[in-house]
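Report on the structure given below.
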Amino acid sequence: QALADAPLKTALGLSMDQARQVDEIQKLHRPKFAAKRGEYNTEMRRLRRARIANDSKQVAELEKVTAALHEQLRQIRVSEDEEIRRVLTPDQRRKFEDYIKLRKEMVGSSRDDHDL
């Protein structure tokens with residue numbers, strides 16, 4: 001089984017030990033992120049329906065809910081990235097910052113938000 005995301009392992013030139021550590025970090029965070037993203041997507045669909053219905057009270061309520069969920073998603077990602085940084089060398093950290101920038105650009109073509 002490949003350890004860590006293959007693009008990440010390759011992009012950073014991780015050692016086997018680093019790849020194992022990153023894999024453990026990802027196994028800890030990814031399920032939480034996926035579950036929260038599912039919740040966020042559900043609430044975003046509710047928000048879209050409320051907007052279509054011109055239900056301003058529901059829109060206001062759901063905007064608060066989705067903003068809070070968005071922040072929780074961002075915090076999960078920030079926490080995962082911080083833990084990954086701790087196992088990297090200074091040179092790998094620089095490459096990781098480039099990887100994060102690329103990830104944010106790629107996310108723009110999906111349904112997720114840029115700052116996640």
Side-chain angles (χ1 to χ4, degrees):
Q1 167 172 344
L3 295 172
D5 285 345
L8 182 61
K9 181 179 178 184
T10 302
L12 303 182
L14 299 178
S15 70
M16 288 301 291
D17 186 53
Q18 287 174 313
R20 183 190 53 73
Q21 291 176 66
V22 168
D23 188 52
E24 290 301 315
I25 292 165
Q26 290 175 334
K27 282 181 181 176
L28 177 68
H29 290 278
R30 296 294 168 87
K32 291 187 287 188
F33 189 87
K36 191 61 65 177
R37 185 177 51 210
E39 189 179 342
Y40 174 77
N41 289 340
T42 297
E43 294 303 317
M44 284 300 293
R45 284 190 297 274
R46 289 182 64 211
L47 175 57
R48 281 190 293 277
R49 287 193 300 269
R51 286 180 174 148
I52 290 167
N54 278 330
D55 185 341
S56 58
K57 183 179 178 189
Q58 183 80 350
V59 167
E61 180 181 312
L62 289 169
E63 283 177 343
K64 290 177 190 170
V65 170
T66 56
L69 290 168
H70 182 268
E71 178 58 22
Q72 291 168 21
L73 282 166
R74 195 185 68 75
Q75 286 299 324
I76 293 168
R77 180 67 59 134
V78 166
S79 177
E80 179 181 344
D81 290 347
E82 282 301 315
E83 289 185 41
I84 289 172
R85 281 183 188 96
R86 287 197 280 274
V87 304
L88 303 177
T89 66
D91 185 51
Q92 288 170 327
R93 277 189 215 110
R94 284 188 291 278
K95 291 177 183 175
F96 186 56
E97 297 311 315
D98 291 338
Y99 180 85
I100 290 171
K101 287 178 193 171
L102 180 62
R103 179 179 72 198
K104 287 179 181 179
E105 290 169 8
M106 290 188 317
V107 165
S109 64
S110 77
R111 293 179 307 194
D112 292 338
D113 294 327
H114 280 292
D115 57 348
L116 295 180

May I ask you to test the [X]-[Y] pair for a side-chain heavy-atom distance under 4.5 Å?
X	Y	value
E83	E80	no
V22	K9	no
L88	L14	yes
R49	D55	no
Q18	Q92	yes
Q58	R46	yes
R20	M16	no

So how far is it from [X] [atom1] to [Y] [atom2], rounded to the nearest 0.5 Å?
X	Y	atom1	atom2	result
I100	K95	CD1	NZ	14.5 Å
F33	L28	CZ	CG	14.0 Å
Y99	L8	OH	CG	4.5 Å
I84	R93	CD1	CZ	12.5 Å

**Request:** Determine, for R77 against D81, whether the closest basic-nitrogen to carboxylate-oxygen distance falls under 4.0 angstrom.
**Result:** no
**Prompt:** Hey, are D98 and R94 close enough for a salt bridge, meaning a charged N less than 4.0 Å from a carboxylate O?
**Reply:** no
**Fill in**
Paired with Y40, the side chain to side chain contact (heavy atoms under 4.5 Å, CB included) test is passed by just one of E43, K36, M44, namely M44
**Main-chain N/O of E63 paired to T66 side chain as donor or acceptor, under 3.5 Å** = yes
**Request:** Of all the heavy-atom pairs spanning A50 and L62, show the shortest one and how long it is.
**Result:** CB-CD1, 4.2 Å
